Amino acid sequence: MSEVMTMEAPTAPAAVAAAPVLEARGLSKRYGSTEAVTGLDLRVGPSEIYCLLGPNGAGKTTTIHLFLGFLEPTAGSVRVMGLDVAAEPLESKRRLAYVPEQVMLYRNLSGLENLEYFAALGGTGSLAPERLTDILVGAGLPPDAVGQRVSEYSKGMRQKVGIAIAIAKEAGALLLDEPTSGLDPKASNEFSELLERLRDRGVAVLMATHDLFRAKETGTRVGIMRHGRLVNEMSTDEIGHADLERIYLEHMHE
Amino acid sequence: MTLRTVLRNEWRLLAADPALRVVLGVFAVLFVYALANGMAWAGFQERTVEAARTGNAERVEALEQELADIANGGRPSSPFRDPRAPNVLGGARGARTAVLEPGPLTALAVGQSDLLPYYYDVSIYTNEATFQQNGEVENPLNLMVGRFDLAFVTVYLLPLLVLALSYNVLSEEREQGTLALTLSQPVSARDVVLAKLAFRAVLVVGLAAAVSLLGILATGGFGSPGRVLLWCGTVTVYALFWFALAAWVNGLRRSSAWNATALVGAWLVLVVVLPAAVNFAAGLLHPLPSRVEMITAQREASNDAVNQRSELLARYLEDHPEMAGGVVAEEPGLGALAWAATDAVNSRLEEVTAVHDARRADQLALVRRYRFLSPALLAQEVLVDAAGTGDARFARFQSQVRAFADEWRQFFVPAILASERMDAGVLPDVPVFSFVDEGPADVAGRAAVPLLVLGGLVVLVSAGAAARLGRVRGAD
């Protein structure tokens, strides 16, 4: 992870530096008669790790996809560093990194080749193989696996390559969808440390997760979603583990 | 940047995927085999043409020798084959073989050059029957399905290569899960698909162009740069049509299996069913008269004419008053009577073959009208025309042979009617056939419309594909 620590801090354009990095205003997404997200107002500032909690179908992944521009809002708007995602989808994605729940890569290529490809697509330019290797190892991939084909990787190893891709992009905002679901406890802890380092560099993180413990430990704020609505939002400094679990369960039983 | 990045990644994926390499390898073998097949035919045609030329020279030399011998007091080799008789010198003994040189790119597209005669023996007896028959005995299966040449591989099989490489260009990314990570980068699905298809297009068109240029190099076809350009341009536009279709189908966001089924179905309809339907309709709506009936009519005409020689001669002289008044011998000889019969046969044959030719013209007109239904028909037409083995060049050859046969008759018939004797002195004045080939402007003029339509289809389908792919925002 030491290499990651030496990364340059992401730089936001001066015009949007003071604005929230990630912002949703009155955001709604409807599929037919189903409201996946309803009237969501959300702001994630620099150096913040915002954890979105909620059961399956609560609208967490939909929210992340709306930030990525994968979906078009039915109402409201999504902004990344002040840029309207709908109006400037490519520019806003240039400022975002994303780690999906299941990181799927080109199976016939190595982790290094996958990272090189996605990093180049992300606009980081051509990075030297040594630099890419450092990023992969920094994300927790064993050095001897760097050149192996991804078809030989475990789910956790693929997840680490996904994290490396996000790190290599040096984006000001990071979107994570259940990022630790394939990781063992040790790797999950390392991932939490990595997030804290990114936070210290000013990165804004929006993480959808079921893991209340990690949300409390890593997050700076948590939001609880249910039926597409943000039903509660609090700072993790204000609550303990037991409180978070109780509050969460209370909302689930409403 | 996106283009270069995707191209590099695609190259890596190709290098790491044995199945793709096998597909490309199989098609490379097919291309090379098709070229070898075409070259074999072109070589055969060249040898035949050369043999015809040698035959012409040998016949003239033999006649010169015999006429010189006779002039020196010798006797004809046979009283019935006396070269001094104009019906012998202008008949079978002195006949000239008019040849059509192989098209400049025959090795790439045999076209109809194996079906249509590319040489005729021209004598005073040349008539419409001559143009209705082909002296070569050819494997009927070859004639039915066409030669396995580069044009065949390009028109029929190249689309399958394009589809095999492109049917899942987007759907596979979605199915294997890489699309989410890809589209989270600052790139659009349209640009990624375009770059992936560009990589495949370079591979496919590069393979087709490389084998074509190899064939052109081996057969000296670079002497016709316009045709080479037309060939390569047509292959490129035709391949682009299929790439555009694959892009459009991928833009529908269905599964890879669905895409494969839809694209193979499109191939079947556009390449197999529609051309076959057009041919079937042409035969059904404008059936050719029975060939057997035509030959029988020709024979009957010939028999009637022989039986009525004297009567026919009188009619001939009535029809050709310029031949009377001293030109024709007062007592017509056997040669004059025979010619009168021949001329009568020719007139009857023209009536018989006119029906056949009119139906054939109707068929061609129908095929030309409906060729726009199938990009395969359009591409084949231009490729064969570019190679110089299509209908147009053959028709030009046949028309020039007809004119040459007229010229030949004009030279010998007056002497036959006048029962004159000829000597070696006339040989330098005997008409000579020389095919005047078409110019690049003729070929380009014919290719313009089908190529424009093909190009228009590419633009249309590409625009549809771009619109569809532009709506792909996420991985679902």
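Side chains are part of it too, since the values below use all heavy atoms of this structure and drop only hydrogens, waters and symmetry mates. Computed from a predicted structure; not experimentally measured. The sequence lines fix the lettering, A, B, ..., with proteins before strands; numbering per chain opens at 1.
Heavy atoms of A:R107 lying under 4.5 Å from chain B are absent altogether. The contact between A:E116 and chain B is made entirely by side chain atoms (from C-beta outward), counting heavy-atom distances below 4.5 Å. Contacts between A:I165 and chain B at a heavy-atom distance below 4.5 Å involve the side chain alone, from C-beta outward. For a residue to count as touching a neighbouring chain, one of its non-hydrogen atoms must lie under 4.5 Å from one of that chain's; by this rule A:V103 touches chain B with the side chain only. For A:L109, the part lying under 4.5 angstrom from a heavy atom of chain B is the side chain only.
A side-chain donor from one of A:H210 and A:E178 sits under 3.5 Å from a side-chain acceptor of the other.
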For A:E91 and A:R94, what are the C-alpha separation, side-chain angles and deciding distance, and is it a salt bridge (Lys or Arg N to Asp or Glu O under 4.0 Å)? CA-CA 5 Å; A:E91 277 307 307; A:R94 206 178 296 282; 3.2 Å; yes

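B:N250 contributes a side-chain N or O that, together with a main-chain N or O of B:Y167, makes up a donor-acceptor pair within less than 3.5 Å.
Taking the charged nitrogens against the carboxylate oxygens, A:E23 and A:R25 do have a contact shorter than 4.0 Å, which makes a salt bridge. For the pair A:K29 and A:E72, the salt-bridge criterion is not met [side-chain N within less than 4.0 Å of a carboxylate O].
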